[in-house]
Amino acid sequence: MDVSYIIDGLNDAQREAVTEQSDHLLVLAGAGSGKTRVLVHRMAWQMQVNRVPATGLLAVTFTNKAAKEMRHRIEGMMNIPSRGLWIGTFHGIAHRLLRSHWKDANLPENFQVLDSDDQLRMVKRVMREAQIDEAQFPPKQAQWWISSQKDEGLRADNIQENPGDHFTSTMVRVYRQYEKLCQQSGLVDFGELLLRSHELWLHRPELLAHYQQRFQHILVDEFQDTNTIQYAWLQVLASNRVPLTVVGDDDQSIYGWRGAKVENIQQYQRDFPNARLVKLEQNYRSTKLILKAANGVIDNNQGRLGKELWSDGVDGEPVSLYAAFNEQDEANYIADTITSWVQDGNLRAECAILYRSNAQSRVLEESLMRQGIPYRVYGGLRFYDRQEIRNALAYLRLVHYRRDDAAFERVVNLPPRGIGAKSLADLRQYAGEQSISMWESAQRMLDAGQMKGRAKTGLQKFLSIIEELSALAEHGTLHGLMQQTIDDSGLKEYHASEKGEKGQGRVENLEELVNALTTYEVEEGIDPLSEFIAQAALDAGEAQAEDHEDSVQLMTLHSAKGLEFPLVFMAGVEEGLFPHSMSLEEPGRMEEERRLAYVGITRAMKKLIITYAESRRLYGQEKFNALSRFVREIPGDCIQEVRLRNTVTRPAMVARPNESMFSQESAKQSGFSLGQRVMHPKFGEGTVMNSEGSGHHTRIQVNFDDGAKWLVLAYAPLEAC
DNA sequence: AGCAGAGTAGTTTTT
DNA sequence: CTACTCTGCT
């Protein structure tokens, strides 16, 4: 048997990870060490050498993107259709299980997936019904709380309430009512998918046994990101019957704040004591100096599993550090640098600008725009997250499944058809009393003549729209149904009449939705409508279509995980911003910030440029943040400060917080000359040692008489004297 | 139903 | 500073 195509071109550690015959294997895969490659090759190895049929493999990822990529690569490698392979996200796989075993899971056959938007609506409804003060207990917080409990594998009954803990007891009350409402409406939120399929394993041993027999190998990607319920799910499924390979990197665990438990790596080693450990430490992405910088930073974390990236590549250039005067200057410097990068014959798409929080993108965008540099911002609203799309989908959900109260509430009066808050409250009350769905409640109240006036006609209209669409769904195509939906519902017309470009864009999105459905295909025997609705709920799609233009990539450090770029900028690397002020207190959170820094640094292939601003306007206030501790953790020999156009020497940094030296009003005060005596209202007199530029961008270095040196932007209220 | 003005919060994000 | 939410008025 020729297995060379599986193991050729792998390094020793990679080959060991691919071919390891032990049932349990933990692969600690550093950034850029060929993690996905190992995962895919190991799957191929199982099929080719261990004779595992494609249907006997289960590969679990966190994002749909990762699942897609893995599927693609295995197809290319094995030259087989990937149909039989179970590759998917935790949620996708859980959903698939619940769909097959809805009865055993105590769900209606047509149960729907509730996304976080609809989840919030349901939480709000519950809180209003229970008359809980929304000012004291924000629904958002309740939603987050409930999701966290589910991530921890806890139902309302499992939560311990301490006497006097008003918060917890209120939350439990909401949780319990929310669960009841979801169950009644056949709705399952993201956390519930996992929780319930975990319970399915526990309550139906014969089902568990069936899958344990079926799966002959389980592989998990990004294992450091698993939360409690995901780990429990895996643990029960694998127990000691199914070989389980997990791949992860404790140094890249950056989602602790949403429930991910790095400790699951150690837990895995405890639960599966025979597990073999393979470390992938050779990095194929970055230069030696960049890796040294990354290692230097992450070395400051305690309790790491221990792993040091190395490369046999070139040293490369040291990391650059640019001290900007303010966030404008920072953005301009980045844009300038990109311009010369492009002038040197490189692509804009090879550059990424990474930042800690989304709010930072604005100034960067403005600079890029001013310089005419095309860019693309990642993150933001994805296609299926857009209001207009979700509204259109809510119609389809009702067509598919009348009991979907979340969908009913969402669109019963959208576009407005005279069903106001009062009528809705009546409907809800009746539904609650009779334990029936909103849909049924509407029907019965109409039949009983309990609706009148505008509400009556509006509701009748709404019900008949859904009924008519249902008739169409029986025999028509999916895109025909969608077209009919946006027309008949009045959604299209409604958005078209919205003023401004907003409405225009929404109509375009709706048309795009219809358009996307013309090519939508599903396997035979599967109901296309229900498949499509489920897919839309579980995969929100990309925020923007692939752009073909060569453009600079802007994103948060979090969303950069897994990506790589020849030239990387890390902007706003300041105490308070990165590490974020919210993470300064707890050591655990600080370590997560540090891992984020590690992720950022290891995105760079050839060149990394770190920038920070000595003065930054944030929330309308001027802040003087110190350089981030993470920069100070980079070994001195792999970092180099950028001198300002070789003319101004950056003086010793003297941080004097709370003293605003700058004000736009005095921008006219510029044109300083060497040796000129200046006066600062707070710091006294000094001498201009250097200056360049004019207006806003005049940079001057002042040696104050008290010995402090300052580098300032000359829109400071300095007065010549 | 729709708008204007007040008020307020303000990391990171996937499913 | 800004973007979003809520309230109260027409």
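A gap of 22 Å separates the C1' atoms of B/dT13 and C/dT2, to the nearest Å. Between C/dT5 and B/dT12, the distance separating the two P atoms is 16 Å to the nearest Å.
Qualifying salt bridge (Lys or Arg N to Asp or Glu O under 4.0 Å) partners for A/Arg125, counting only residues two or more places apart in sequence or in other chains: A/Glu129, A/Asp405, A/Glu409. For A/Lys561, the salt bridge (Lys or Arg N to Asp or Glu O under 4.0 Å) partners are A/Glu222, A/Asp225, not counting sequence neighbours. Residues passing the side-chain contact (heavy atoms from CB on, under 4.5 Å) test with A/Gln136 are A/Asp133, A/His166, sequence neighbours excluded.
Checked against a 6.0 Å centroid threshold, the rings of A/Phe90 and A/Tyr231 do not count as neighbours. Aromatic rings of A/His91 and A/Phe62 (six-membered ring for Trp) have centroids beyond the 6.0 Å cut-off, not under it.
At a threshold of 4.0 angstrom between heavy atoms, the contacts of A/Asn227 with the nucleic acid are absent. Using a 4.0 Å heavy-atom criterion, one finds that A/Asn64 contacts the sugar-phosphate atoms exclusively. Within 4.0 Å (heavy atoms only), A/Ser581 reaches no atom of the nucleic acid at all. Residue contacts shown for A/Gly418 are limited to sugar-phosphate atoms, with no base heavy atom under 4.0 Å away. Among the protein residues, A/Asn358 comes within range of the sugar-phosphate backbone only, with heavy atoms under 4.0 Å from sugar or phosphate atoms but none that close to a base. When heavy atoms are screened at a 4.0 angstrom cut-off, A/Phe62 is found touching the sugar-phosphate backbone but no base atom.
Judged purely by atom type and a 3.5 angstrom limit, A/Thr89 uses its side chain to pair as donor or acceptor with the backbone of A/Gly92. Panel note: side chain A/Gln143, backbone A/Ser116; a donor-acceptor pair is recorded below 3.5 Å.
A donor-acceptor pair shorter than 3.5 Å can be found between the side chains of A/Tyr378 and A/Gln553.
Summarising the geometry, atom CZ belonging to A/Arg99 is positioned 11.0 Å from atom CG belonging to A/Leu193; distances are rounded to the nearest 0.5 Å.
Nearest-nucleotide positions on DNA chain B for A/Ala537 and A/Ala421 put A/Ala421 closer to the 5' end. A residue-by-residue look at A/Ser357 and A/Arg382 shows that A/Ser357 has its nearest nucleotide of DNA chain B further toward the 5' end.
Open room surrounds NZ on A/Lys623; 12 or fewer heavy atoms of other groups in view lie less than 6.0 Å from it. Counted within 6.0 Å of CZ on A/Arg454, heavy atoms from surrounding residues, nucleotides or ligands total 12 or fewer; the atom is thus considered open.
DNA chain B is contacted by A/Arg589 of residues 585-596 of chain A, taking any non-hydrogen atom closer than 4.0 Å.
Nucleotides of DNA chain B with any atom under 4.0 Å from a heavy atom of chain A span, from 5' to 3', B/dA1 to B/dT15. With a cutoff of under 4.0 Å to any heavy atom of chain A, the contacted region of DNA chain C is bounded 5' to 3' by C/dC1 to C/dA3.
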